[in-house]
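Quick note: numbers below take in every heavy atom, side chains included, and nothing from hydrogens, waters or symmetry partners. First listed ligand is number 1; within each ligand, the first listed atom is number 1.
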Amino acid sequence: MQNNTFSTLFVGQNLIKLSYVDSTNNYLKLLTSKSEPLPEGTAIMADNQFAGRGQRESVWQSSPGQNLTFSIYLLPGFIPLTKSFLLNVIVSIGVYDALYPYLGDDLSVKWPNDIYYKHYKIGGILIENAISGIGFKHSIVGIGLNVNQLDFDDAISAKASSLSLILQRNVDLLILFNEICYAIESAYLNVKQGDAESFINKYVEKLYLFNERAMFRQNENIFEGQIVGVSTEGYLQIRLENGNILSCGIKEVEFL
Ligand code: BTN
């Protein structure tokens with residue numbers, strides 16, 4: 001265990017840095033199963049995450065030593081399970097706020113929680129919740145951010161970017177990690193104190209393609225629509241050409 005002099009109250013204060021791990025989410029999950037209770041905000045960061053996991057059973061690739069791959073342990077018992085999407089909002093807006101000073105207005109959150117710069121993906125979030133009875137037991141918030149990586153695998157190179165490709169300079173990983181922890185903590189504490197609405201509004205406003213005409217696919221059906229909002233349960237709301245609103249769950253719609 002390493003104690004940091006970060007500017008946060010708890011997120012990232014107990015930082016465990018690993019040089020090599022399969023997945024920081026897996027490592028943190030294992031830690032939560034040990035008998036000793038973990039302090040909230042404990043973060044696991046890896047230089048080389050060799051089997052990173054993404055949403056929908058995808059793989060998260062990250063070149064060793066060049067990017068941020070970390071997981072944070074949270075106890076969001078104040079969020080009712082019916083509103084669990086709020087945690088996505090908190091973390092997405094936290095990452096957005098930390099990156100905004102670097103990247104400005106071309107930054108967005110692609111629903112549900114990809115971090116985009118223009119039409120390029122620069123980061124992803126994988127939240128894994130443990131539920132007990134009627135509430136959250138804990139949450140493992142995994143964040144992968146392309147920071148100093150300049151080359152990507154052919155399969156993703158047309159759609160991926162990094163801070164250093166955008167800014168044409170290297171970015172200090174620990175400083176950025178600290179800034180992300182600070183911004184997530186600040187969003188988390190504000191929502192905990194009852195200010196969920198302004199974060200949900202901001203999340204919707206910052207959505208990739210918000211209010212723009214775009215093409216989507218649902219099953220075999222390709223259609224045009226405009227993203228107009230997100231429901232409390234996290235369903236993406238798309239206004240169709242006939243004016244109807246389509247509500248889509250996470251696996252139900254694809255951006256084209
Ligand atoms: C996605 O966009 O599909 C989500 C990617 C999440 C990747 C991060 S990297 C740190 C943490 N550990 C993992 O195995 N995954 C998350």
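At the top of the distance list for atom 12 (N) of ligand 1, counting protein heavy atoms only, stands Gln49 OE1, 2.8 Å.
Between Tyr203 and Phe85, the distance separating the two ring centers is shorter than 6.0 angstrom. When ring centroids are compared, Tyr73 and Phe10 stay outside the 6.0 Å threshold.
The distance from ligand 1 to the heavy atoms of Gly52 drops below 4.0 Å at these ligand atoms: 14 (O). Remark: ligand 1 atoms within the under-4.0 Å shell around heavy atoms of Ile125 are 4 (C). Heavy-atom contacts of Gly54 reach the following atoms of ligand 1: 1 (C), 3 (O), 4 (C), 5 (C) (cutoff under 4.0 Å). Every atom of ligand 1 with a heavy atom of Ser58 under 4.0 Å away is listed here by number and element: 3 (O). Residue Arg53 approaches ligand 1 through these ligand atoms, each under 4.0 Å from one of its heavy atoms: 5 (C), 6 (C), 7 (C), 13 (C), 14 (O), 15 (N), 16 (C). Which parts of ligand 1 touch Thr24 is read off a 4.0 Å heavy-atom cut-off, strictly below it: atoms 10 (C), 11 (C), 12 (N). Numbered from 1 in the order shown, with element, the atoms of ligand 1 that lie under 4.0 Å from a heavy atom of Asp114 read 2 (O).
Distances between N or O atoms of Gln55 and those of ligand 1 include at least one value under 3.5 Å.
Compare Trp60, Phe70, Tyr27 by their heavy atoms: the one nearest to atom 7 (C) of ligand 1 is in Trp60.
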task = Could you walk me through whether Asn25 and Ser71 pass side chain to side chain donor-acceptor pair (under 3.5 Å), step by step?
result = CA-CA 6 Å; Asn25 269 35; Ser71 303; 2.5 Å; yes
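For the residue pair Asn146 / Ser162, no side-chain donor-acceptor distance below 3.5 Å is found, with atom types taken as modelled. Side-chain N/O atoms of Ser139 and Asn129 include a donor and acceptor closer than 3.5 Å. A donor-acceptor contact under 3.5 angstrom links the side chains of Gln55 and Asn113, judged on distance only. With 3.5 Å as the limit, one finds a donor-acceptor pair spanning the side chains of Thr8 and Gln13.
Taking a cutoff of 4.0 Å between a charged side-chain nitrogen and a carboxylate oxygen, Lys192 and Glu185 do not qualify as a salt bridge.
The closest approach between any non-hydrogen atom of Lys121 and ligand 1 is below 4.0 Å.
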